[in-house]
Amino acid sequence: NDLATGGELTNGMAFTFNIWFWADGTLESSQINSQIFSMHTNNGGNRLRIGLNRTSGSGRIFYHDEDSGYRNMGNENWNDQAWHHLAITRAAGSGDQLVTFYVDGQEIGSFSSLGPIFSEAVVASIGQEYDDANPTDHWSGNLDEMMFWNYAMTQEEIQSYMSTLPAGNESGLVAYY
């Protein structure tokens, strides 16, 4: 939980979140049942949730923060038992800023958001979320090479890190799992 409480993530900051994911094809009854990454308060209050909407006929990326509500991005079904690279960027600044989504290096959509309230997050999770103190909404599949950066990468930078892993000491790299 150092990512949530270490002070590296601040409200209104620019960021890039990227990860490789492989979804096993499981269908779920709710769009939020398959979390890739989440951040919460100590009583389970949602601050940021990123996952895959696995309801029948979907398989799209979902994003949730307090300002934006739930957003499904893209028109593809990525619940397809294949590896995919996901990147989400947010420009810096208070007020609405552009949040852009990329899958396999290609932009799939964007919207404006005030962004997550990182200052209230105390728990960060990969592959699940917390409702109160209980882990829930577990990922079905594999996750690899999760990175959090403190700036909004360009599409070219995202594509570069798809094929070349960071050394771990790059400027702007906040977390690498």
Side-chain angles (χ1 to χ4, degrees), residues 3 9 11-23 25 28 30-39 46-55 57-93 95-118 121 124-129 137 139-166 172-177:
L3 180 60
L9 305 180
N11 300 343
M13 72 178 282
F15 68 82
T16 301
F17 168 84
N18 46 1
I19 193 166
W20 283 95
F21 71 91
W22 182 90
E28 299 283 356
S30 171
Q31 77 171 352
I32 62 170
N33 284 358
S34 194
Q35 302 290 320
I36 292 173
F37 179 78
S38 62
M39 295 184 77
N46 302 319
R47 293 299 169 255
L48 174 64
R49 294 195 288 179
I50 299 166
L52 191 65
N53 179 348
R54 294 185 190 221
T55 56
S58 184
R60 298 184 300 166
I61 302 299
F62 79 80
Y63 175 95
H64 172 261
D65 67 31
E66 306 85 339
D67 175 59
S68 307
Y70 289 100
R71 301 285 186 127
N72 283 291
M73 302 305 296
N75 295 314
E76 300 292 323
N77 181 348
W78 292 291
N79 190 18
D80 61 357
Q81 300 175 331
W83 280 101
H84 297 285
H85 184 266
L86 169 64
I88 301 171
T89 65
R90 182 190 184 273
D96 281 347
Q97 299 297 323
L98 190 63
V99 180
T100 306
F101 294 74
Y102 302 86
V103 173
D104 299 331
Q106 301 304 309
E107 184 177 335
I108 62 165
S110 62
F111 64 91
S112 292
S113 172
L114 294 174
I117 302 174
F118 288 124
S125 298
I126 302 171
Q128 67 181 23
E129 70 161 327
D137 302 328
W139 177 257
S140 294
N142 297 312
L143 300 169
D144 201 13
E145 305 298 337
M146 191 213 88
M147 295 172 243
F148 220 107
W149 303 79
N150 65 7
Y151 71 99
M153 287 184 169
T154 65
Q155 185 172 10
E156 293 76 23
E157 288 175 299
I158 290 167
Q159 291 169 343
S160 173
Y161 280 110
M162 287 174 59
S163 60
T164 305
L165 297 177
L173 182 60
V174 174
Y176 178 31
Y177 302 97

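Atoms considered below: every heavy atom in the structure, side chains included; atoms not considered: hydrogens, waters and symmetry mates. Predicted model only: the values in this text are computed from it and were never measured.
Residues meeting the side chain to side chain donor-acceptor pair (under 3.5 Å) test with Gln159, sequence neighbours left out: none. Every residue two or more places apart in sequence or in another chain that forms a side chain to side chain donor-acceptor pair (under 3.5 Å) with Asp104 is listed here: His84. For Tyr161, the ring pair (Phe, Tyr, Trp, His ring centres under 6.0 Å) criterion is met by Trp149, not counting sequence neighbours. With sequence neighbours excluded, the residues forming a ring pair (Phe, Tyr, Trp, His ring centres under 6.0 Å) with Phe15 are Phe118, Phe148, listed by chain and number. Phe111 meets the ring pair (Phe, Tyr, Trp, His ring centres under 6.0 Å) test with Tyr63, Phe101; sequence neighbours excluded.
Remark: Glu107 CD to Met73 CE distance equals 8.5 Å, nearest 0.5 Å. How far CG of Leu52 is from CD of Gln35: 10.5 Å, rounded to the nearest 0.5 Å. Here the CD1-OG1 distance, from Ile32 to Thr55, works out to 11.5 Å after rounding to the nearest 0.5 Å. With rounding to the nearest 0.5 angstrom, the CZ atom of Arg54 is 5.0 Å from the OG atom of Ser140. Note that the OG atom of Ser58 and the CG atom of Asn77 stand 7.0 Å from one another [nearest 0.5 Å]. Distance check: Thr100 OG1 to Gln155 CD gives 9.5 Å after rounding to the nearest 0.5 Å.
Within the 4.5 Å cutoff, no side-chain heavy atoms of Leu48 are placed close to those of Phe17. Between Leu165 and Tyr176 there is a side-chain heavy-atom pair separated by less than 4.5 Å.
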Requested in this report: Evaluate the side chain to side chain contact (heavy atoms under 4.5 Å, CB included) criterion for residues His64 and Asn46: first the C-alpha distance (whole Å), next the side-chain angles of each, then the deciding distance (0.1 Å), finally the verdict.
Outcome: CA-CA 8 Å; His64 172 261; Asn46 302 319; 3.8 Å; yes

Report task. Kindly indicate, with the supporting measurements, whether the criterion side chain to side chain contact (heavy atoms under 4.5 Å, CB included) is fulfilled by Tyr102 and Asn18. Result -> CA-CA 9 Å; Tyr102 302 86; Asn18 46 1; over 6 Å; no

Query raised in the report: Can Leu9 and Met39 be said to form a side chain to side chain contact (heavy atoms under 4.5 Å, CB included), step by step?
Result: CA-CA 11 Å; Leu9 305 180; Met39 295 184 77; 3.7 Å; yes

Requested in this report: Determine, step by step, whether Asn72 and Gln31 satisfy the side chain to side chain contact (heavy atoms under 4.5 Å, CB included) criterion, reporting the C-alpha distance in whole Å, the side-chain angles of both residues, the deciding distance to 0.1 Å, and the verdict.
Outcome: CA-CA 9 Å; Asn72 283 291; Gln31 77 171 352; 2.8 Å; yes

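The backbone N or O of Gly115 sits nowhere less than 3.5 Å from a side-chain atom of Ser68 that would complete a donor-acceptor pair. Looking only at distances, no side-chain donor or acceptor of Glu28 sits under 3.5 Å from a matching main-chain atom of Asn53. Using a distance-only test at 3.5 Å, with no hydrogens or angles considered, a donor-acceptor pair links the side chain of Thr154 to the main chain of Glu157. Of the possible polar contacts, one joining the Asn79 side chain to the Gly25 backbone as a donor-acceptor pair under 3.5 Å is found.
For the residue pair Glu145/Tyr177, the side-chain donor-acceptor check at 3.5 Å is not satisfied.
Ser112 approaches Arg71 most closely through the heavy-atom pair O-NH2, 4.4 Å. When all heavy atoms are compared, the tightest approach of Met147 to Pro166 is SD-CG, 3.5 Å.
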Donor-acceptor pairs are to be reported for all side-chain atoms of residues 85-92 against protein atoms at under 3.5 Å, with residues two or more places apart or in another chain.
residue: Arg90; atom: NH1; partner: Gly12; partner atom: O; Å: 3.3
residue: Arg90; atom: NH1; partner: Met13; partner atom: O; Å: 3.2
residue: Arg90; atom: NH2; partner: Gly93; partner atom: O; Å: 3.2
residue: Arg90; atom: NH2; partner: Gly95; partner atom: O; Å: 3.4
residue: Arg90; atom: NH2; partner: Ser113; partner atom: O; Å: 3.4
residue: Arg90; atom: NH2; partner: Leu114; partner atom: O; Å: 2.8

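Between Phe21 and Trp139, the ring-plane angle classifies as perpendicular under the 30° and 60° cut-offs.
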